[in-house]
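What follows is a set of notes on a single structure, which appears directly below.
Whatever order the structure lists them in is the order used to number ligands and atoms, beginning at 1.
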Amino acid sequence: MEVGFFYHPQIEKYDFGEGHPFRGKRFEIFLSFFKERFPDFKNYFQHILPSPASDQLLCLVHTQDYIDVVKSASSGIEVPYLFHYLSSDNINPLTGRFPQGIDEAARAIVGSSAEALEMVARGSLKKAIVIGGGLHHAQPDFGEGFCVYNDIAIGVENLKRKYKLERILVLDTDAHAGNGVAQFFYNDPCVLFIDLHQDPTTIYPGTGFIHQIGEGKGKGFTVNLSLSVGASNKSYQYLFEEIIFPLAREFSPQLIIRYGGSDPHYLDNLTNLGLTLDGFKMIGSYTREIAEEVCQARSVDLVTSGYNEELLPFCWTALIAGVLNQEVDLDDFKERNLPSPDFKLEETKEMVFSLKKLLKNYWRSMSK
Ligand SMILES: [Zn+2]
């Protein structure tokens, strides 16, 4: 079996508590939904139980000081100056405390992403799906945006050091900009970071403007695709055709990581983009096609976000169906008041026009 499915039961404890938009029960709800919709689950996937991340692995990105604080706070110990290390959105809204057990859960997530990337890099798997991965807001010494440890940055850094990979494409399709990942690789030409997200003037974390293209040797290797509020399926299609496919061909990555869950859907409760279920399947399909074309299909998909729990399993399943080129019946989710697929397409075309001007000195394919 060439496709790995990473699900560590510990991730169910990645839960910020009652009243918080990120609850751990999303994972088990998705798993039983997915197994029911994908009856060949057992035969199709190699189900892998990864080891939780060690301090040594976390230290590839995070400071030991920060790791110690997370460990203590997660075990119920009172930590002075906790808000120097964590934003208020990483706190249980009812108790005002850091959720207990979240350190172990976050380590299970990092362990899953890192092991999936390693197995694909060394050819033990062709593809991997990691449930729980994609905590893109976490900084080296600060946890924010529901993200404790940055499994993406850790996984990529680990690949660079252990397998000497020199060209990794990281594609962020979450509705929010991946500020933690962007900042970590901002000077690094080994990582081409392409980030599709809602216009940063309208949403957390307020970064990810098109002029932010990297620095030093990494200049041109950060690509922010800022979408107007409500931008729908055709904008995504346009970005894949005009930017993502051409850059991926020119960069010629050795491996692709895509991450992001259901929050760009038009019914998500925290965001304002316009994707439909078909749009999620399209993202999965395009990611698969790029990987097949440029890196012998070697790709890892990390799925965790989404803030409409009824919708979330449908979107994640649509995405994964696209990645695997499988048909899955999702017609029982009735998408009412569907946005027009070309809503805000003109704005997206204008954004691409301006972005190409910024990138054309770094990429031949952007001068067209
Ligand atoms: Zn998000």
Need the atom name: nearest N/O/S atom of [X] to the Zn ion (ligand 1).
X: His176; answer: ND1
X: Asp263; answer: OD2
X: Asp174; answer: OD1

N, O or S atom of His136 closer to the Zn ion (ligand 1) than 2.8 Å =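 It does not; every qualifying atom lies at 2.8 Å or beyond.
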Between His265 and Phe314, is the ring centre distance below 6.0 Å?
->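 No: the rings miss the under 6.0 Å criterion.
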For the residue pair Phe193 and Phe185, is the inter-centroid distance of their aromatic rings smaller than 6.0 Å?
->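 Not close enough - the centres of the two rings lie 6.0 Å or further apart.
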Quick one: are Val148 and Leu135 in side-chain contact, heavy atoms under 4.5 Å?
->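 They are not in side-chain contact.
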Would you sort out whether Asn233 and Thr276 count as a side chain to side chain donor-acceptor pair (under 3.5 Å), showing the intermediate values?
-> CA-CA 7 Å; Asn233 295 2; Thr276 67; 2.8 Å; yes
